[in-house]
Amino acid sequence: VSDAGTLKRMDYSYIKAASTPHFYAQMHSAQTISDAAWTTLSYEAEVLDSGSVYNTSTYRFTPGVIGWYYIYANLSPSNGSGMNYGAMKIRKNGSSDVAGRLHNGTEKSYLGCSVAGIAEVDDVSDYFHIEYYGESEDDSNIVPDTSSGSKRCNFFGWKIIGA
């Protein structure tokens, strides 16, 4: 902005930089999730990662930049038949819940779940991960749908511009 507040041009690099850091990860390998237990989800395939803020070994998003972030995750079980209940939560620093979502519907053949939230990073070491809890009718383990080309298990987040 120049000339007494008149916008002469817009440089995309300023907009891009404002929403950084950001990441997008997917689950490509099957993960067994125990019935009736909270389990950290293993989104191990990075699609996008500005500044190496997502760790594919610990499945953590560590922005390293103070600010407010939008965070989203979803999971769709491949063996959903017979499932009674599914819940997800975004966890900050392994202990506090940022957001939670449950699905307890009548359609038991395919019980997926998603969660979204806005969280503050007030320390550069703050991190986020996703946990899932599912219960099945026959106490069997839950396996996410990671079929070829599937985009049914995702985890992503970015810094909110101006917040």
Side-chain angles (χ1 to χ4, degrees), residues 19-65 67-121 123-160:
S19 62
T20 299
H22 52 266
F23 82 100
Y24 174 39
Q26 294 178 331
M27 192 180 296
H28 287 187
S29 302
Q31 174 187 6
T32 301
I33 300 170
S34 300
D35 184 58
W38 284 103
T39 303
T40 297
L41 294 179
S42 59
Y43 300 94
E44 84 291 350
E46 285 184 332
V47 177
L48 175 68
D49 186 356
S50 72
S52 299
V53 295
Y54 185 74
N55 186 316
T56 57
S57 299
T58 62
Y59 319 114
R60 293 179 178 175
F61 170 44
T62 309
V65 177
W68 287 89
Y69 290 79
Y70 177 81
I71 301 168
Y72 172 89
N74 71 329
L75 177 119
S76 296
S78 61
N79 64 340
S81 60
M83 295 215 26
N84 290 325
Y85 176 83
M88 291 182 83
K89 60 184 168 182
I90 301 169
R91 304 274 294 185
K92 179 180 177 183
N93 298 330
S95 60
S96 61
D97 295 347
V98 172
R101 174 93 184 354
L102 68 91
H103 181 115
N104 189 7
T106 57
E107 179 56 52
K108 294 182 179 181
S109 63
Y110 194 72
L111 190 60
C113 199
S114 63
V115 63
I118 294 176
E120 182 178 20
V121 170
D123 186 290
V124 294
S125 65
D126 287 346
Y127 68 89
F128 302 92
H129 73 275
I130 305 299
E131 292 184 5
Y132 181 83
Y133 180 96
E135 292 180 2
S136 63
E137 290 177 349
D138 60 2
D139 297 327
S140 63
N141 292 330
I142 299 130
V143 179
D145 183 354
T146 58
S147 57
S148 179
S150 174
K151 294 182 180 171
R152 296 181 176 168
C153 304
N154 306 286
F155 178 23
F156 56 84
W158 65 82
K159 186 172 187 294
I160 299 172

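Only this structure's heavy atoms are used, side chains among them; waters, hydrogens and symmetry mates stay out. Note that the structure is predicted; figures quoted are calculated from it, not measured.
- Note that CG of Leu48 and CD of Gln26 are 11.0 Å apart. Values are rounded to the nearest 0.5 Å.
- With sequence neighbours left out, Phe61 forms a ring pair (Phe, Tyr, Trp, His ring centres under 6.0 Å) with Phe23, Tyr69.
- A pairwise comparison of heavy atoms in Cys113 and Gly86 identifies SG-O, 3.9 Å as the closest pair.
- We find the NZ-CZ distance between Lys92 and Phe128 to be 5.5 Å, quoted to the nearest 0.5 Å.
- Partners of Arg60 under the salt bridge (Lys or Arg N to Asp or Glu O under 4.0 Å) rule, at least two apart in sequence or in another chain, do not exist in this structure.
- With hydrogens and angles ignored, the 3.5 Å screen pairs no side-chain donor or acceptor of Asn154 with any backbone N or O of Asn74.
- For Ile90 against Ile71, the heavy-atom pair with the smallest separation is CD1-O, 3.6 Å.
- Taking all atoms of both residues into account, the shortest heavy-atom contact from Cys153 to Tyr43 is C-CE2, 3.6 Å.
- With sequence neighbours excluded, the residues satisfying side chain to side chain contact (heavy atoms under 4.5 Å, CB included) with Ala36 are Tyr133, Glu135.
- Every residue two or more places apart in sequence or in another chain that forms a side chain to side chain donor-acceptor pair (under 3.5 Å) with Ser42 is listed here: Gln31.
- Taking CH2 of Trp158 as the start and OG1 of Thr20 as the end, the distance is 12.5 Å to the nearest 0.5 Å.
- The OG1 atom of Thr39 sits 11.5 Å away from the CE atom of Met88 when rounded to the nearest 0.5 Å.
- Listed by chain and residue number, Tyr70, Tyr72 satisfy the side chain to side chain contact (heavy atoms under 4.5 Å, CB included) test with Ala116 (two or more places apart in sequence, or in another chain).
- A distance-only check finds a donor-acceptor pair linking the side chain of Glu44 to the backbone of Ser29 [under 3.5 Å].
- Residues passing the ring pair (Phe, Tyr, Trp, His ring centres under 6.0 Å) test with Tyr127: none are found, sequence neighbours excluded.
- No side-chain heavy atom of Thr40 sits less than 4.5 Å from a side-chain heavy atom of Ile130.
- Atom CG in Leu75 sits 5.5 Å away from atom CG in Leu41 (nearest 0.5 Å).
- In this view, Glu120 and Trp68, Asp122 satisfy the side chain to side chain contact (heavy atoms under 4.5 Å, CB included) rule, not counting sequence neighbours.
- Within the structure, no pair that satisfies the side chain to side chain donor-acceptor pair (under 3.5 Å) test touches residues 45-59, not counting sequence neighbours.
- Residues that satisfy the side chain to side chain donor-acceptor pair (under 3.5 Å) test with Ser96, not counting sequence neighbours, are absent from this structure.
- The nearest pair of heavy atoms linking Pro63 to Pro21 is O-CG, 3.5 Å.
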